[in-house]
2 protein chains.
Amino acid sequence: MQTEEEILKIKKVKNTAVRTVVLRHLLSLEKAQSLKDIENALPYTDRSSIFRTLKTFEENKVIHSIEDGSGMTKYAVCAEGCNCDPKDLHYHFYCTNCDKTFCLFDVPIPNIQLPKNFKLQQANMVVKGLCDNCNR
Amino acid sequence: MQTEEEILKIKKVKNTAVRTVVLRHLLSLEKAQSLKDIENALPYTDRSSIFRTLKTFEENKVIHSIEDGSGMTKYAVCAEGCNCDPKDLHYHFYCTNCDKTFCLFDVPIPNIQLPKNFKLQQANMVVKGLCDNCNR
DNA sequence: GCATTTACCGCAACTCGATTGCAAAGATTA
DNA sequence: TAATCTTTGCAATCGAGTTGCGGTAAATGC
Ligand SMILES: [Mn+2]
Ligand SMILES: [Mn+2]
Ligand SMILES: [Zn+2]
Ligand SMILES: [Zn+2]
C-alpha cells in the first residue's frame with residue numbers, strides 16, 4: 001500500500017495539508033466517500049477546499065468518482081497503475097441496506113459489445129443489492 | 001407498440017391528463033428524458049405534477065430511471081414485460097458529444113459474478129462514449 | 001534575503017435539480 | 001347530493017454542488 005505522499009508524487013499533484021488529510025482519509029476506508037462524508041469526518045477542513053481537492057484528485061487520476069444513485073457523488077482512490085481508461089473499468093457495489101458503496105476490483109468486466117460504430121470511453125457501472133454483511 | 005392507455009392499464013396506474021401526455025412524450029422519443037426535458041417540452045404542465053407523475057410511473061414500473069452522471073436523472077419507458085428485476089437489466093449509453101442517453105436493450109448483460117454471499121437486486125449501468133452518429 | 005508571482009485555502013454566497021406543503025380542482029364512492 | 005379520496009398547480013424549500021473573492025502560504029526571480 002502506497003502512502004499519500006507516494007501517490008501524490010506519482011500522480012504529480014503537489015502535496016498540501018488539505019490534500020494529504022483528504023487522501024489519507026480516503027485510503028483509511030474501504031468504502032467510497034461523498035463530499036459530505038469527508039466534510040463530517042474532517043470538521044476543521046473547509047467544504048470548498050475538500051471539493052476542490054477532490055476535483056484536483058480526479059483530474060489527476062488519484063481518485064475516481066462513482067454515481068451510485070444515492071444523490072451524492074462518491075469518491076474512491078484509484079488502484080495502483082490505474083489510468084481511468086476503459087481497461088481500468090470495474091463494477092461498483094451499492095448495498096441498499098447499509099448504504100456502503102465500494103469498488104469491486106476483483107470482479108472481471110466482460111467485453112461490452114456496443115452497437116456498430118459506437119466508441120467506448122468510460123463507464124459508470126453500479127450494481128445494487130445486499131453486501132455479504134447485510135445478506136443474512 | 002402499446003399505447004399510453006394500454007400501458008397504464010397493464011401497470012394498473014390510473015389514467016389522467018398529465019400522465020397520458022407525459023407517457024406519450026416519453027414514448028415518442030428514443031432518448032431518455034430528464035424532468036427538465038419534459039418540462040420544456042410540455043410548457044403547460046406543471047413541473048411538480050410531472051415530477052410526481054414520474055415517481056408514480058417508476059413505482060409502478062411504467063418507466064425506469066437512469067443516473068448517467070449528467071447531474072439530471074433521466075427516465076425511459078420500460079420494455080414490454082419488464083418488471084425491473086435483475087433479468088430486465090440492460091446497459092445505458094451516454095454520448096459524451098451529443099448528450100443523448102438511451103437504453104441498449106439489444107446488448108446482452110453477462111452474468112455478474114458477485115463475491116460470495118452478495119445479492120444482486122438492481123443495477124445502474126451506464127456506458128459512456130460516442131454514439132454512431134457522433135463517431136465519425 | 002526580499003519582492004513578485006502563483007497556488008491554495010476558508011468563508012460566504014449562490015446555483016439549480018429535486019422535493020414538499022398546501023389549497024383548489026377533479027374524480028370516486030356512499 | 002354529500003362525503004371522501006386523488007390529482008394538480010403554485011410557491012416555497014432543501015441540499016449537493018459550485019463559485020467569487022480576499023487572505024495566506026508557497027514558489028520563483030533577482
Ligand atoms: Mn471504483
Ligand atoms: Mn433503460
Ligand atoms: Zn450492506
Ligand atoms: Zn452522440
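Naming: A, B, ... by sequence-line order, numbering from 1 per chain. Since the structure is predicted, the reported quantities are computational estimates derived from the model, not experimental observations.
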- request: Compare side-chain N and O positions of B:K55 against OP1 and OP2 of C:dA18 and report whether any pair is under 4.0 Å apart.
  value: no
field: Rounded distance [0.5 Å steps], OH in A:Y75 versus OG1 in A:T101
entry: 13.0 Å
- prompt: Separation of B:E59 atom CD from D:dT7 atom C1', in whole Å?
  reply: 14 Å
Any residue meeting side-chain hydrogen bond (donor to acceptor under 3.5 Å, both in side chains) with A:H90, in chain and number order, not counting sequence neighbours: A:H64, A:H92
message: Distance check needed: C:dT19 C1' versus B:E39 CD, whole Å only.
response: 13 Å
message: Measure CG/B:L42 against P/D:dG9 and give the value in whole Å, please.
response: 11 Å
message: Output the rounded distance in Å from OH (B:Y75) to P (C:dA18).
response: 6 Å
- prompt: Reading nucleotides 4-16 of chain C from the 5' end, what letters show protein touch, with B for base, S for backbone sugar-phosphate only, - for no heavy atom under 4.0 Å?
  reply: ---SSSBB-B---
query: A:F51 has an atom CZ; how far is it from atom P of D:dG17, in whole Å?
result: 8 Å
message: How long is the straight-line distance from NZ of A:K116 back to CG of B:N135, given to the nearest 0.5 Å?
response: 11.0 Å
- prompt: Do A:T96 and B:Q121 have a side chain donor and acceptor closer than 3.5 Å?
  reply: yes
message: Keeping B:E58 on the side-chain end and B:K55 on the backbone end, is there a donor-acceptor pair under 3.5 Å?
response: no
task: Could you pull out all residues at least two apart from B:E80 that satisfy side-chain hydrogen bond (donor to acceptor under 3.5 Å, both in side chains)?
output: none
message: Could you tell me how far apart A:Q33 (CD) and D:dA16 (P) are, to the nearest whole angstrom?
response: 15 Å
task: Output yes when A:E30 and A:K100 qualify as a salt bridge under the 4.0 Å nitrogen-oxygen rule, no when they do not.
output: yes
Set of residues satisfying side-chain hydrogen bond (donor to acceptor under 3.5 Å, both in side chains) with respect to B:D88, sequence neighbours excluded: none
statement: Here the distance between atom P of D:dA25 and atom CG of A:N15, to the nearest Å, is 17 Å
field: DNA chain C-proximal residues of residues 65-74 of chain B, any heavy atom under 4.0 Å
entry: B:G71, B:M72, B:T73
message: Please give the remaining members of the hydrophobic cluster of B:I66, linking ILVMFWY side chains under 4.5 Å, ordered by chain and number.
response: B:Y94, B:V126
